[in-house]
*Asks:* 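Input: one structure, supplied below.
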Amino acid sequence: MTYRFIALFWIAVFYGIYFTKMFIQRRKGIVTNQIAKSKVHDKSYHIEMVMKYATIAVPVVEVISIVLGTSGLTIIWRVIGMHLAFLGNVVFLLAVITMKDSWRAGVAREEKRGLIKNGIYKYSRNPAFLGFDLVYIGIMLMFYNPVLMVITVWAMVMLHLQILQEEKYLEGEFGDEYTEYKAQVSRYAGCGKVTFDKAVMYVYFVLGIWSVMYFFTCLAYGGGLKLSWVWLWILIAAFSFIRVFMQKRKIEGSPVIRLPKVLVWIYRAVFVALLTFFIFTETKIIGAMTAEPKENLDYIIVLGAGLRGTEPSNPFRVRIEKAAQYLKENEGTIVVASGGQGKHESISEAECARRKLTEVYGISEDRIILEEKSTDTEENLKYSLEIIGDPSKSAGIVTNGFHELRALSIANEVGYENVSSVPAVTLMPVGIHYTVREFFGMVEFYLKH
């Protein structure tokens, strides 16, 4: 229901901007809608006519898809869709504001207007069309189905053909002024011909925008500001936008700071080294996250992950589900439910796991051992090994996938000789945050051990 409301809201905002601008201009005596209004029925006229039908069809199919609740993609794609629809609205609004009374839908061949090159038009020759595309793609990702995809692609193709027709008109209308503008600004987004410095600037810009949106996504899905390290995304965004500013000044020939070449190369070397280490560590994290559990382990250890009263948190819930699945498939395995009782918890995490395994999943009490003293991952594994007694026994660690590498590393440190992953689901979209945050957990582990 939440996704339906958000999608309908973004559609309402988009068309609210469109028709509000049209109404304001109408009161000034300006006819905004110039689509297929030409008296000459040439190629341009027919493209505009088909585009008109396509852009009418899209919101109709979108609303039907939203009402029916069709969704053929996973939650992370729906979240990306929300981001794109939001960006599309922002870009479209900026385009409409920048155009002022020059904005028209379609080519107004009989009107004389100046060429708009300021504001968002410094970075896109067609930001209004870009706004359409982003909103279309966003809603399609949120409520994907084959019909909506076909209609969306059709509309985007027609919008692109319309852009090509408008470019021909503008070249004829403004001559060298438009030709020079085309060389400086890209059709959809960017500042002309791509160079290495521009590519770097674009990467930082996209990273900065995405980090801001993902920060708010984490707040919405991860429990607000209580989510540990959530501020990391604001830091990444701030760093990215600073680098965008610096790259832009460099491209313009007036760098913010002129550093000695030695310092520049030291910065680059350190940056590349840290990035390489980050990618290497994340590769190992993802490898442990996607590992296939070994069959018929002697023990599995379910690590606690917080309670709400007597109910498991979402990360803990999927760990218990994974443990239950494994126990049903491997009937000779014993489970150690590990986790003490926190300040705001009514029972121990181990007891919570026992209740869910027996009452919800039908696992026999005889197969469950409780470890109720631990307060962190190291204690979970240390105290569980004391219960198991023999470090050579095969043991699987049941935790969320992003946490498996660190859990396995700690297990090896505290004495396990035959330990492996039994990864539970990493919940999205906050799973990206957990996976990135885990890098710093591994750094802490390396420094500590």
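Residue numbers run from 1 in the order of the sequence given. Just so you know, these numbers come straight off a predicted model, no measurement behind them.
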*Asks:* Are more than 12 heavy atoms from other residues, nucleotides or ligands located less than 6.0 Å from atom OH of Y446?
*Replies:*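 Yes.
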*Asks:* What do you reckon, is NZ of K182 surrounded by more than 12 foreign heavy atoms closer than 6.0 Å?
*Replies:*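 Yes, enclosed.
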*Asks:* So which heavy atom on V302 is nearest to which on A323, and how close?
*Replies:* CG2-CB, 3.5 Å
*Asks:* Any side-chain heavy-atom pair from L161 and Q165 closer than 4.5 angstrom?
*Replies:*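 Side-chain contact under 4.5 Å: no.
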*Asks:* Can you tell me how far the OG1 atom of T152 sits from the CE atom of M149, to the nearest 0.5 Å?
*Replies:* 9.0 Å
*Asks:* Indicate yes or no for a side-chain donor-acceptor contact from E404 to the backbone of M289 under 3.5 Å, with no hydrogens or angles considered.
*Replies:*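 Flag not set: sc E404 to bb M289 has no pair under 3.5 Å.
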*Asks:* So do the side chains of V212 and F241 get within less than 4.5 Å of each other, counting heavy atoms only?
*Replies:*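 The answer is yes, as the side chains (C-beta and beyond) meet within the 4.5 Å cut-off.
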*Asks:* Kindly compute the distance separating CZ (R243) from NZ (K250), expressed to the nearest 0.5 Å.
*Replies:*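 Between R243 CZ and K250 NZ, I get 8.0 Å after rounding to 0.5 Å.
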*Asks:* State, to 0.1 Å, how close I320 and K356 come at their nearest heavy-atom pair, and which atoms those are.
*Replies:* CG2-CB, 3.7 Å
*Asks:* Got more than 12 heavy atoms from elsewhere within 6.0 Å of CH2, W265?
*Replies:*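 No, the 6.0 Å shell around CH2 holds no more than 12 heavy atoms from other groups.
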*Asks:* Give me each pair satisfying salt bridge (charged side-chain N to carboxylate O under 4.0 Å, His left out) with a member in residues 283-298, each pair once, sequence neighbours excluded.
*Replies:* none
*Asks:* Write down the atom of C352, the atom of T310, and the distance for their closest heavy-atom approach.
*Replies:* SG-O, 3.5 Å
*Asks:* Flag the pair K393 / N418 as yes when at least one side-chain heavy-atom distance between them is below 4.5 Å, and no otherwise.
*Replies:*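 SC-SC contact between K393 and N418 ruled out.
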*Asks:* Would you call R187 and L164 a side-chain contact if the rule is heavy atoms closer than 4.5 Å?
*Replies:* yes
*Asks:* So, do W229 and C218 sit near enough that their side-chain heavy atoms are less than 4.5 Å apart?
*Replies:* no
*Asks:* Ignoring hydrogens and angles, tell me if any N or O in the side chain of Y326 forms a donor-acceptor pair with the backbone of V398 under 3.5 Å.
*Replies:* no
*Asks:* Residues two or more places apart in sequence or in another chain: which of them pass side-chain contact (heavy atoms from CB on, under 4.5 Å) with I116?
*Replies:*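 Here the qualifying residues are T98, M99, S102, N118, Y121.
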*Asks:* Can you tell me how far CD1 of I301 sits from CG of L381, rounded to the nearest 0.5 angstrom?
*Replies:* 5.5 Å
*Asks:* Could you give the distance from OG1 (T377) to CD1 (I397), rounded to the nearest 0.5 Å?
*Replies:*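 Rounded to the nearest 0.5 Å, the OG1-CD1 separation comes out at 9.0 Å.
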*Asks:* What are the two closest non-hydrogen atoms of S211 and L207, and how far apart are they?
*Replies:* OG-O, 2.7 Å
*Asks:* Suppose we screen for salt bridge (charged side-chain N to carboxylate O under 4.0 Å, His left out). Which residues come up paired with E331, at least two apart in sequence or across chains?
*Replies:* none
*Asks:* So do Y221 and L227 actually touch side chain to side chain, heavy atoms under 4.5 Å?
*Replies:*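 Contact flag for L227/Y221 side chains = no.
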*Asks:* Please name all residues satisfying salt bridge (charged side-chain N to carboxylate O under 4.0 Å, His left out) with R249, sequence neighbours left out, ordered by chain then number.
*Replies:*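 For R249 there are no salt bridge (charged side-chain N to carboxylate O under 4.0 Å, His left out) partners, ignoring immediate neighbours.
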*Asks:* What's the spacing between M442 CE and S409 OG if we round to 0.5 Å?
*Replies:*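 Atom-to-atom, M442:CE and S409:OG are 4.0 Å apart.
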*Asks:* Flag the pair I163 / E167 as yes when at least one side-chain heavy-atom distance between them is below 4.5 Å, and no otherwise.
*Replies:* yes
*Asks:* Which heavy atom of M156 sits nearest a heavy atom of D133, and at what distance?
*Replies:* CG-OD1, 3.4 Å
*Asks:* Ring-plane angle category for Y136 and F132, please: parallel below 30°, perpendicular beyond 60°, tilted otherwise.
*Replies:* perpendicular
*Asks:* Under the criterion side-chain contact (heavy atoms from CB on, under 4.5 Å), I'd like the reasoning laid out for N380 against T399: C-alpha separation, chi angles, the key distance, then a yes or no.
*Replies:* CA-CA 11 Å; N380 285 141; T399 185; over 6 Å; no
*Asks:* Identify, with sequence neighbours excluded, every residue that meets side-chain contact (heavy atoms from CB on, under 4.5 Å) alongside E413.
*Replies:* F445, H449
*Asks:* Could you tell me which residues satisfy salt bridge (charged side-chain N to carboxylate O under 4.0 Å, His left out) with E351, sequence neighbours excluded, listed by chain and number?
*Replies:* R354, R355
*Asks:* Among residues at least two apart in sequence or on other chains, which ones pass side-chain contact (heavy atoms from CB on, under 4.5 Å) with T283?
*Replies:*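 Here the qualifying residues are I279.
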*Asks:* Which donor-acceptor pairs under 3.5 Å do side chains of residues 424-434 form with protein atoms, sequence neighbours excluded?
*Replies:*
| from | atom 1 | to | atom 2 | distance (Å) |
| --- | --- | --- | --- | --- |
| T426 | OG1 | G401 | N | 3.3 |
| T426 | OG1 | F402 | N | 3.2 |
| H433 | ND1 | W233 | NE1 | 2.8 |
| H433 | NE2 | S228 | O | 2.8 |

*Asks:* List for me each residue that meets salt bridge (charged side-chain N to carboxylate O under 4.0 Å, His left out) alongside E321, sequence neighbours excluded, and say none if there are none.
*Replies:* R317
*Asks:* Compute whether any side-chain donor of one residue and acceptor of the other, for S313 and R308, lie under 3.5 angstrom apart.
*Replies:* no
*Asks:* Which pairs pass ring pair (Phe, Tyr, Trp, His ring centres under 6.0 Å) with one or both residues in residues 342-396, sequence neighbours excluded?
*Replies:*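 Not a single pair qualifies under ring pair (Phe, Tyr, Trp, His ring centres under 6.0 Å).
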*Asks:* Looking only at heavy atoms, what is the nearest atom pair of S374 and S338, with distance?
*Replies:* OG-OG, 3.4 Å
*Asks:* Does a side-chain heavy-atom distance below 4.5 Å link P293 with P423?
*Replies:*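 Answer yes - side chains close enough.
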*Asks:* Applying side-chain contact (heavy atoms from CB on, under 4.5 Å) to W154 and V50, what does each step give before you reach the verdict?
*Replies:* CA-CA 10 Å; W154 174 39; V50 177; 3.8 Å; yes
*Asks:* Could you tell me whether Y53 atom OH has more than 12 heavy atoms of other residues or ligands within 6.0 Å of it?
*Replies:* no
*Asks:* Show every donor-acceptor pair shorter than 3.5 Å between a side-chain atom in residues 73-97 and any protein atom, with sequence neighbours excluded, or say none if there are none.
*Replies:*
| from | atom 1 | to | atom 2 | distance (Å) |
| --- | --- | --- | --- | --- |
| R78 | NE | S71 | OG | 3.3 |
| R78 | NE | M142 | O | 2.9 |
| R78 | NH2 | M142 | O | 3.3 |
| H83 | NE2 | T217 | OG1 | 2.7 |
| N89 | OD1 | F14 | N | 3.0 |
| N89 | ND2 | W10 | O | 3.4 |
| N89 | ND2 | A85 | O | 2.9 |

*Asks:* Short question: side chain of E371, backbone of S384 - any donor-acceptor pair under 3.5 Å?
*Replies:* no
*Asks:* Would one find more than 12 heavy atoms of other residues, nucleotides or ligands at under 6.0 Å from atom OH of Y204?
*Replies:* yes
*Asks:* Decide side-chain contact (heavy atoms from CB on, under 4.5 Å) for L297 and S420; before the verdict, give the C-alpha distance in whole Å, the side-chain angles of both, and the deciding distance to 0.1 Å.
*Replies:* CA-CA 9 Å; L297 294 168; S420 59; 4.0 Å; yes
*Asks:* Evaluate whether atom CD of Q184 has more than 12 neighbouring non-hydrogen atoms of other residues, nucleotides or ligands under 6.0 angstrom away.
*Replies:*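 Check passes, neighbour count above 12.
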*Asks:* For K198, look at atom NZ and say whether over 12 heavy atoms of other residues, nucleotides or ligands are found less than 6.0 Å away.
*Replies:* yes
*Asks:* Here's a test for you: under side chain to side chain contact (heavy atoms under 4.5 Å, CB included), which of E438, K322, R319 qualifies with N400?
*Replies:* R319
*Asks:* Output the distance between atom OG (S421) and atom CD1 (I300), rounded to the nearest 0.5 Å.
*Replies:* 13.0 Å
*Asks:* Sequence neighbours excluded, which residues qualify as side-chain contact (heavy atoms from CB on, under 4.5 Å) partners of T20?
*Replies:* I24
